[in-house]
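Ligands are counted one by one from 1 in listed order, and the atoms in each one are counted from 1 as well.
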Amino acid sequence: MITIDGAQGEGGGQILRTALTLSMATGKPFQIDRIRAGRAKPGLMRQHLAAVRAAAAVCGGRVAGDEPGSTRLRFEPGPVRAGDYIFAINSAGSTALVLQTVLLPLALASQPSSLVLRGGTHNGNAPPFEFVDRALLPLLRRIGLAVTAGLKRPGFYPAGGGQVEVAIAPADDPLRPLDILERGESRGRSAEAILANLPFAVAQRELDTLRAALDWPVGAMQPRIETQADGPGNVLAVTLVFEAVTEVVTGFGERGLAAETIARDVAGRTAAYLGSGAAVGPFLADQLLLPMALCRGGRFSTVQPTAHTTTNLAVIGAFLDDIRFEVAAAEEARWTIGVSSARWDDAPIRTMTAAP
Ligand SMILES: Nc1ncnc2c1ncn2[C@@H]1O[C@H](COP(=O)(O)OP(=O)(O)OP(=O)(O)O)[C@@H](O)[C@H]1O
């Protein structure tokens, strides 16, 4: 039984989700203690329980300790079952974080799957839909994982009510390593102020501040009004398209936070990414490690690794002892991370698939 310390490194929900994914993909059971010890309110919140339940549903797993507030959980996976799943993640829980948990085992299965995810599609501290769709999934497809996603309805915190639909086909065989040391040439840049049930002036102020800070042309900045959302919501999203990678930098509106403050923060993080010369930004870096470790590895350049990234490396190492990570500082703001394994001389991991 693998034992994971939920207090290590970042000490948040990512440790649990990474362990669930690896457990499903490898068939190895695990126990996690001190869940989310690094957070003000430790233990399982509804968001994390939703990920546990989705994982258990996908592999017929046996779970102990899956109660709200629990700080210890045991998970015994069964064989991954491709199929059609609907996951309703309480009101505004992040659909992207549940997707993150179950995506790889299903994408490595030998039968197709479809997912309907209901909840939040644009949550703070989680990947917003545009990031998943434009930044993450194209790189997974480059590895050979056949995954596409569509936003049917946006869901913002706290009203939620959004819907994302995901189609998963069997992966390419063989899978391919990911190699993105360089971004390549710029192919486009744009900014959207996404707005639901809020005054139009919010979008205008965000785009005006962003334009001034980044010195971009007016045509690259657009408001996007969402009329279908249940409640108010605002996200400022910058999309940077390069030959080898697309990055999406986002800021989330919240009550009491000025539109100008959000825009200055997004402009600052956009400039930091552009100035680093790295191909992969801080969030994409932590999210690429699992697919690379479970598929065919590779390497990428990135900004200084975050606690999420270093913690993910440690949790992956606990399940896959053949994986080698090489983390090196190439320049002050530009690092490289390499993922390799002698196992790939034989065959990549394929999850076992029973009938749906
Ligand atoms: N703006 C963003 N764009 C893309 N990805 C993001 C963004 N913000 C956060 N993420 C991703 O969301 C995940 C958040 O993990 P984290 O452990 O902080 O979340 P959590 O489950 O909500 O847990 P906790 O409540 O314990 O913090 C990470 O994979 C991170 O890369």
Under 3.5 Å between some N or O of ligand 1 and some N or O of [X]?
X: Val248; value: no
X: Gln47; value: no
X: Glu10; value: no

What's the shortest distance from [atom] to any protein heavy atom, and which residue and atom give it?
atom: atom 28 (C) of ligand 1; result: Gln14 OE1, 3.3 Å
atom: atom 19 (O) of ligand 1; result: Arg17 NH2, 3.5 Å
atom: atom 23 (O) of ligand 1; result: Gly13 N, 3.2 Å
atom: atom 27 (O) of ligand 1; result: Arg39 NE, 2.5 Å
atom: atom 1 (N) of ligand 1; result: Thr250 OG1, 3.1 Å
atom: atom 7 (C) of ligand 1; result: Ala126 O, 3.5 Å
atom: atom 18 (O) of ligand 1; result: His308 NE2, 2.8 Å

Using a 4.0 Å heavy-atom cut-off, say whether [X] meets ligand 1 through its side chain, its backbone, both or neither.
X: Pro127; value: both
X: Phe131; value: side chain
X: Pro128; value: side chain
X: Gln287; value: side chain

**Asked** What orientation do Phe242 and Tyr273 show, parallel under 30°, tilted 30 to 60°, or perpendicular over 60°?
**Response** perpendicular
**Item:** Whether Ser23 side chain and Ala19 backbone form a donor-acceptor pair below 3.5 Å
**Value:**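 A pair under 3.5 Å: no.
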**Message:** Please check this pair: side chain of Glu243 against backbone of Glu185, looking for a donor-acceptor N/O pair closer than 3.5 Å.
**Reply:** yes
**Prompt:** Hey, are the side chains of Arg264 and Thr261 touching, using non-hydrogen atoms and a 4.5 Å cut-off?
**Reply:** yes
Identify, by atom number and element, the atoms of ligand 1 in contact range of [X], meaning under 4.0 Å from any of its heavy atoms.
X: Asp286; answer: 28 (C), 29 (O), 30 (C), 31 (O)
X: Gly12; answer: 17 (O), 26 (O)
X: Arg36; answer: 24 (P), 25 (O), 26 (O)
X: Gln100; answer: 29 (O)
X: Asn125; answer: 8 (N), 9 (C), 12 (O), 14 (C)

Got more than 12 heavy atoms from elsewhere within 6.0 Å of [atom1], [X]?
X: Phe252; atom1: CZ; value: yes
X: Asp322; atom1: CG; value: yes
X: Arg299; atom1: CZ; value: no
X: Arg46; atom1: CZ; value: no
X: Arg62; atom1: CZ; value: no

**Message:** I'd like to check the salt bridge (charged side-chain N to carboxylate O under 4.0 Å, His left out) partners of Glu326; sequence neighbours left out, ordered by chain and number.
**Reply:** Arg324
**Request:** Decide whether a cation-pi geometry holds between Arg134 and Phe129; the criteria are a distance under 6.0 Å from NZ or CZ to the six-membered ring centre and an angle within 45° of the ring axis.
**Result:** no
**Message:** I need the minimum non-hydrogen distance between Thr101 and Ala51, along with the two atoms involved.
**Reply:**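 Taking Thr101 first and Ala51 second, the nearest heavy atoms are OG1-CB, 3.6 Å.
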